[in-house]
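Residue indices begin at 1 and follow the sequence shown. Keep in mind it's a predicted model, so treat the numbers as computed, not measured.
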Amino acid sequence: MILMVIIFLLLLFWENELHEEREVPTLEHLHVDYPQSDIPVRYCNRMVLQRVIRGPDNACKKEHVFVHERPREINRVCTSPKKRVCQNHSSILCFQSVTKFKMTACQLIEGTRYPACRYHISPIVGFAVVTCDHMGPVTLQRYVE
């Protein structure tokens, strides 16, 4: 009986450690692909799977953007003089890059549940709009061509 209790407690602690190791995805993990990955075919589909890009409840995201710029350049967006209140947020400030970045927009064309999501690729050059905290960029809100 004591052995069963010890095994139960070990399993309980092991499970808690597994849950604690999960990290919150960062803007860099979700959106930065620099230098751009050399994926000749189905770039968006491969990147979404590789980075585990999905919405709530494993839904396919309707659009996802990858930025092909050095992380330090993306970090500089937080010091941009181009700032305004974010769309759909009453008090959060968004910062727009001063220069245009190379990006890839992935538009959902098929599928509703991850991982069965299929995307259309659109290379773009535009301004990145991000939210920031004291550490730097937190979320990519959108892009402006």
Side-chain angles (χ1 to χ4, degrees), residues 6-145:
I6 291 172
I7 292 173
F8 172 77
L9 290 174
L10 286 172
L11 288 173
L12 184 64
F13 287 122
W14 182 55
E15 181 180 351
N16 285 339
E17 283 184 20
L18 288 176
H19 291 296
E20 288 175 4
E21 289 177 13
R22 292 182 189 159
E23 293 182 19
V24 175
T26 62
L27 178 129
E28 189 167 341
H29 173 77
L30 292 175
H31 294 282
V32 179
D33 182 30
Y34 181 84
Q36 184 173 357
S37 298
D38 186 24
I39 300 173
V41 179
R42 297 184 183 101
Y43 171 86
C44 288
N45 297 340
R46 298 256 321 264
M47 289 297 291
V48 165
L49 285 173
Q50 181 182 2
R51 303 273 181 106
V52 190
I53 307 296
R54 59 187 175 208
D57 299 326
N58 287 331
C60 295
K61 288 187 73 180
K62 297 210 184 303
E63 179 181 47
H64 192 80
V65 177
F66 293 101
V67 181
H68 311 299
E69 188 60 59
R70 294 178 190 275
R72 71 171 174 249
E73 294 301 319
I74 297 168
N75 288 341
R76 289 186 183 148
V77 176
C78 292
T79 61
S80 170
K82 295 183 176 187
K83 58 184 173 184
R84 64 177 77 99
V85 174
C86 294
Q87 294 177 343
N88 302 325
H89 300 290
S90 59
S91 63
I92 299 173
L93 285 179
C94 276
F95 297 81
Q96 180 177 308
S97 61
V98 175
T99 59
K100 290 186 173 187
F101 294 159
K102 290 181 181 178
M103 297 181 254
T104 298
C106 302
Q107 296 284 339
L108 183 67
I109 55 174
E110 184 181 320
T112 56
R113 308 286 295 165
Y114 180 87
C117 311
R118 301 294 170 255
Y119 292 89
H120 173 73
I121 183 173
S122 297
I124 55 173
V125 176
F127 299 100
V129 179
V130 301
T131 59
C132 299
D133 66 11
H134 65 284
M135 299 290 288
V138 177
T139 58
L140 177 68
Q141 292 291 314
R142 59 190 175 93
Y143 64 89
V144 178
E145 289 189 76

Problem set entry | Closest approach of Pro137 to Asn75 (non-hydrogen atoms, all atoms of both residues) | CD-OD1, 3.2 Å
Exercise. Is any side-chain heavy atom of Arg72 closer than 4.5 Å to a side-chain heavy atom of Tyr34?
Worked result: no
Exercise. Nearest 0.5 Å, what's the CD-OG distance between Gln107 and Ser122?
Worked result: 6.0 Å
Seminar exercise, completed: Tightest non-hydrogen contact, residues Glu63 and Tyr143, listed as OE2-OH, 3.5 Å
Exercise. Just by distance, do the side chain of His31 and the backbone of Val65 share a donor-acceptor pair under 3.5 Å?
Worked result: yes
For this session: Kindly say whether Met135 contributes a backbone atom to a donor-acceptor pair with the side chain of Asp133 at under 3.5 angstrom?
Result: yes
For this session: Assess whether side-chain contact (heavy atoms from CB on, under 4.5 Å) is satisfied between Tyr114 and Val52, documenting all intermediate values.
Result: CA-CA 9 Å; Tyr114 180 87; Val52 190; 3.8 Å; yes
Exercise. Which pair of heavy atoms, one from Val41 and one from Arg46, lies closest together, and at what distance?
Worked result: O-CG, 4.1 Å
Problem set entry | Atom pair SG (Cys60) and CD1 (Ile109), whose distance is rounded to the nearest 0.5 Å | 11.0 Å
Exercise. Does Arg113 offer a backbone N or O that forms a donor-acceptor pair with the side chain of Arg54 under 3.5 Å?
Worked result: no
For this session: Report the C-alpha distance between Gln87 and Arg142 in whole Å, list the side-chain angles of each, state the deciding distance to 0.1 Å, and finish with yes or no for side-chain contact (heavy atoms from CB on, under 4.5 Å).
Result: CA-CA 10 Å; Gln87 294 177 343; Arg142 59 190 175 93; 3.8 Å; yes
For this session: Indicate yes or no: at least one non-hydrogen side-chain atom of Met47 is less than 4.5 angstrom from one of Ser37.
Result: yes
Exercise. Can you name the closest pair of heavy atoms from Arg51 and Leu30 and give their distance?
Worked result: NH1-C, 4.3 Å
Problem set entry | Asn45 (side chain) donor-acceptor with Tyr119 (main chain) under 3.5 angstrom | yes
For this session: Identify the heavy atoms of Leu140 and Val130 that sit nearest to each other, and give their distance.
Result: CD1-CG1, 3.9 Å
Exercise. Does some side-chain heavy atom of Asp33 sit less than 4.5 Å from a side-chain heavy atom of Thr104?
Worked result: no
Problem set entry | Spacing of His68 atom NE2 and Gln36 atom CD [to the nearest 0.5 Å] | 3.5 Å
Seminar exercise, completed: Closest non-hydrogen atoms of Ser80 and Gln96, given as atom of the first, atom of the second and distance, are OG-O, 2.6 Å
Exercise. How long is the span from the SG atom in Cys117 to the CG atom in Asn58, to the nearest 0.5 Å?
Worked result: 9.0 Å
Exercise. Considering residues at least two apart in sequence or located in another chain, which fulfil the ring-ring contact (aromatic ring centres under 6.0 Å, His included) criterion with Phe66?
Worked result: Tyr43, His64
Exercise. Between Thr131 and Thr139, is there a donor-acceptor pair closer than 3.5 Å when you use the side chain of the first and the backbone of the second?
Worked result: yes
Exercise. Is there side-chain contact between Ser97 and Val144, with heavy atoms separated by less than 4.5 Å?
Worked result: no
